[in-house]
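The structure under discussion appears below in the form of structure tokens.
Here the structure is a predicted model, which is why all the values come from computation and not from measurement. Start at 1 and go down the list; that is how both ligands and their atoms are numbered.
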Amino acid sequence: MPYITEEDAQAVYKVVLEKRLSQGVYVERFEKEFSRYVGAKEGVAVTNGTAALHLVLAALEIGPGDEVIVPSFSFISTANVVLYQGAKPVFADIDPLTLNIDPNSVREKLSEKTRAIIAVHYAGHPAEMDELKEISEENGLFLIEDAAEAHGSIYKGKIVGSLGHAACFSFYPNKNMTTGEGGMITTNDEELAEKIRMLRSHGQHEQFRYKYIGFNYRMTDIQAALGLVQLKRLEWVLARKIEKARYYTRRIEELEFVRPPYEAPYVRHTYMFYTVQFKSRELRDKAIELYEREGIETRCAFDPPIHLQPVYIRLFGYSRGYLPNTEKASDTVLSLPLFVEITGKEQDKVLEVLEKLAN
Ligand SMILES: Cc1ncc(COP(=O)(O)O)c(C=O)c1O
């Protein structure tokens, strides 16, 4: 659930009255402030997180004949954007603890055709960027962070967003900050940012002159005005979510049939999802049923994994057994309600349902 206040509404009201309705000065300001927050030189605001990923691949000229290594335990756009470019997504397995792409599996999936790796920071837990960086440097590959779920997450002292060649964020309303729909690319590569800016707007380099076949992936000033207020509040939101996540974790640690989310000692997990793992799919499905009965919304993020989505089975013929850790995670995960305004009492109710499962 997004956290929206009168201040957000006023910001949007003001920008509409100013008649700033498409990309303009608010977008520019949002790009500057967001990229400064993550510690990257450049920020390019776009329509959504999917467009952000697509634009990075387009700017890197990844295309037919190329392969991009991605996790299957993710939202579908992580892999779809590779197909948009006519390239092939190659799925690597995940680490069963962090649920992030496993560098060892990435090494196994490398081929002559590999051009890039997309590392998703699942639910706000940063991926193993040091090892992935090593692989990308050894093999001359681009390393792209899919940070759609990880605003403000920290890996070994650094906020995610400048740990690879480029990073992509989403500001969809279920994220820790929102612009409604919206996305952002951050990078330290000024040339790449310049090209992405052109591709975002039809490949235009000066008015009515087009250097590339681009897209209309622009963000509006209305969205950016909302984003500026949300960004100002992000650290406060994260502190609330982390505190509430820890409350869940303390209680869930006492249950033997379900595991709270793992948090490596060198990260700040930002809990965009609070995802627990059950001992079996049966138990997980029983929990879903109990939550439905109580009118409590939960999510299976992500089940099925991308390679077992109907369209991927039809196009590529994947079947179960291809990615054991991914499939096990998909079978057993459940994301519990976690948002700024959830009360202690509501959290207790969520926990009681879990505790009922023990009997
Ligand atoms: C890991 C991941 N990648 C990409 C996206 C796509 O972002 P959007 O929905 O803004 O297009 C999302 C979420 O929505 C996501 O969770």
Is any side-chain N of the basic residue among E7 and K232 closer than 4.0 Å to the acidic one's carboxylate O?
yes
Does T78 approach ligand 1 within less than 4.0 angstrom via side chain, backbone, both or neither, non-hydrogen atoms only?
side chain
Check E131 with R107, please: is the shortest side-chain N to carboxylate O separation under 4.0 Å?
no
For D146, is at least one N or O under 3.5 Å away from an N or O on ligand 1?
yes
Atoms of ligand 1, numbered as shown, that sit under 4.0 Å from any heavy atom of S74:
1 (C)
Does an N or O from Y172, backbone or side chain, lie closer than 3.5 Å to an N or O of ligand 1?
no
Distance in Å, T47 OG1 paired with N216 CG, rounded so as to fall on 0.5 Å steps:
6.5 Å
So which bit of E181 gets within less than 4.0 Å of ligand 1, heavy atoms only: side chain, backbone, both or neither?
neither
For the residue pair K113 and D66, establish whether any side-chain heavy-atom pair is separated by less than 4.5 Å.
no
heavy-atom search around atom 9 (O) of ligand 1 in the protein gives S170 OG, 4.1 Å
Indicate yes or no: does E42 engage K32 in a salt bridge with an N to O separation below 4.0 Å.
no
How close does the nearest protein non-hydrogen atom get to atom 11 (O) of ligand 1, and which residue and atom is it?
T50 OG1, 2.5 Å
Ligand-residue contact atoms, ligand 1 with V120, heavy atoms, under 4.0 Å
1 (C)
Which pairs count as salt bridge (Lys or Arg N to Asp or Glu O under 4.0 Å) when at least one residue sits in residues 154-169, sequence neighbours excluded?
D130-K156
Nearest option to atom 6 (C) of ligand 1, as decided by whichever heavy atom of P71, A52, C168, S77 sits closest
S77
If I apply the N/O under 3.5 Å rule, does G49 come out as touching ligand 1?
yes
Looking only at protein heavy atoms, which one is nearest to atom 2 (C) of ligand 1, and how far off is it?
A148 CB, 3.4 Å
For residues 180-187, which side-chain N or O atoms pair as donor and acceptor with protein atoms under 3.5 Å away, sequence neighbours left out?
unit_1: T186; atom_1: OG1; unit_2: G161; atom_2: O; d: 2.7
unit_1: T187; atom_1: OG1; unit_2: H165; atom_2: O; d: 2.6
unit_1: T187; atom_1: OG1; unit_2: D189; atom_2: N; d: 3.0

Tell me which one of E149, K175, H121 gets a heavy atom nearest to atom 13 (C) of ligand 1.
K175
Please classify the N48 to ligand 1 contact at 4.0 Å (heavy-atom distances, strictly less than): side chain, backbone, both or neither.
both
Taking the side chain as everything from C-beta on, heavy atoms only, tell me whether E327 gets closer than 4.5 Å to Y322.
yes
Would you check if F142 and I117 make a side-chain contact, meaning some heavy-atom pair closer than 4.5 Å?
no
